Amino acid sequence: MKILVIHGPNLNLLGKREKSIYGTLTLSQINKEIEKVALSQKVKVDFYQSNHEGEIVTKIQEADDLYHGILINPAAFTHTSVAVRDAIASIQIPVVEVHLSNIHARESFRKESYVSPVAAGVIFGFGKESYLLGLRGLISILSSRKGKK
Ligand code: CA2
């Protein structure tokens, strides 16, 4: 089983700024934690981070033929991007949306996600655990689909 993890804009700054909101772990430390869970589940994970909407759209489109599922933190594009949402809606593989922070406990513009209606599941508010829980959820979806047409 192969899963692509996509990190949206500014997540490359994790652990370097805004630590009170997003924590002290860097993106590569979070990726290592994801990798550990993936290994324990015998799943292969690849990682991709971009600050560019179009690049993320292309990566989502390409992933449809290369991966079994996507774990994505769309970051600010969550609340703005019809393009990311349409890309997710256009592919066959399941997509799980995750957020470090509780997007419903913050500014009102973060309450709306363009992505959630087309995601297979959503996890938010658990810091780096959101990614790990999201990965486990995605693996569970994929395992229950195995062998089904
Ligand atoms: O809580 C999350 O994971 C978010 O997706 C993070 C996004 C934010 O726009 C979403 O509303 C919620 C922001 C990611 C920016 O990350 C930074 C990390 C360090 C310093 C500055 C930004």
Side-chain angles (χ1 to χ4, degrees), residues 1-41 43-64 66-142:
M1 196 184 285
K2 277 177 74 179
I3 288 174
L4 176 65
V5 180
I6 300 179
H7 303 285
N10 295 307
L11 288 166
N12 54 310
L13 299 176
L14 278 178
K16 297 169 186 158
R17 317 230 178 98
E18 303 216 50
K19 296 181 196 174
S20 59
I21 304 176
Y22 300 118
T24 54
L25 289 185
T26 63
L27 191 60
S28 65
Q29 286 170 326
I30 289 180
N31 285 345
K32 278 193 191 118
E33 300 258 351
I34 295 170
E35 182 91 57
K36 267 194 237 164
V37 172
L39 271 176
S40 76
Q41 303 295 311
V43 167
K44 172 156 176 14
V45 273
D46 287 334
F47 299 97
Y48 179 75
Q49 191 276 328
S50 175
N51 294 324
H52 303 277
E53 187 175 13
E55 287 178 0
I56 292 174
V57 167
T58 300
K59 200 74 184 175
I60 291 167
Q61 291 177 4
E62 290 172 355
D64 206 17
L66 301 173
Y67 295 91
H68 297 95
I70 298 177
L71 183 69
I72 186 169
N73 182 346
F77 294 147
T78 307
H79 320 294
T80 63
S81 181
V82 177
V84 169
R85 175 206 173 106
D86 286 351
I88 292 171
S90 77
I91 61 175
Q92 299 294 315
I93 59 174
V95 176
V96 169
E97 173 189 356
V98 298
H99 299 281
L100 294 157
S101 63
N102 178 352
I103 54 174
H104 291 280
R106 301 183 61 193
E107 300 96 328
S108 59
F109 65 83
R110 293 189 204 274
K111 289 187 201 299
E112 186 177 9
S113 167
Y114 283 45
V115 172
S116 297
V118 291
V122 187
I123 309 260
F124 56 86
F126 295 94
K128 69 139 202 248
E129 289 296 324
S130 294
Y131 282 97
L132 308 182
L133 292 165
L135 176 63
R136 288 184 188 279
L138 181 54
I139 293 169
S140 155
I141 289 169
L142 290 169

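On a predicted model such as this, the values are computed, not experimentally measured, just so you know. Remember, it's 1-based here, ligands and their atoms both numbered in the order they're listed.
Using a 4.0 Å cut-off between heavy atoms, T78 makes no contact with ligand 1 at all.
Residue contacts with ligand 1 include L11, since one or more of its heavy atoms lies under 4.0 Å from the ligand. Heavy-atom separations between K16 and ligand 1 are all 4.0 Å or longer.
For ligand 1, the polar-atom distance check against R17 finds no nitrogen or oxygen pair separated by under 3.5 Å.
Nearest protein neighbour of atom 11 (O) of ligand 1, counting heavy atoms only, is H79 NE2, 2.7 Å. Here the heavy atom of the protein found nearest to atom 21 (C) of ligand 1 is E18 OE2, 3.7 Å. Scanning the protein for heavy atoms near atom 16 (O) of ligand 1, the closest one is N10 O, 3.6 Å. At the top of the distance list for atom 13 (C) of ligand 1, counting protein heavy atoms only, stands Y22 OH, 3.3 Å. Nearest protein heavy-atom neighbour of atom 2 (C) of ligand 1: L100 N, 3.4 Å. From the protein, the heavy atom lying nearest to atom 9 (O) of ligand 1 is R110 NH1, 2.9 Å. Of the protein's non-hydrogen atoms, the one nearest atom 4 (C) of ligand 1 is H99 ND1, 3.7 Å.
For NZ of K32, the number of neighbouring non-hydrogen atoms (other residues, nucleotides, ligands) closer than 6.0 Å is 12 at most.
Aromatic ring pairs are classed by plane angle as parallel below 30°, tilted from 30° to 60° and perpendicular above 60°; the pair F109 and H79 is perpendicular.
Between R110 and E107, at least one side-chain nitrogen of the basic residue sits less than 4.0 Å from a carboxylate oxygen of the acidic one, meeting the salt-bridge criterion.
Side chains of S116 and E97: a donor-acceptor N/O pair is present below 3.5 angstrom, by distance only.
Aromatic ring centres of H99 and Y22 lie farther apart than the 6.0 Å criterion allows.
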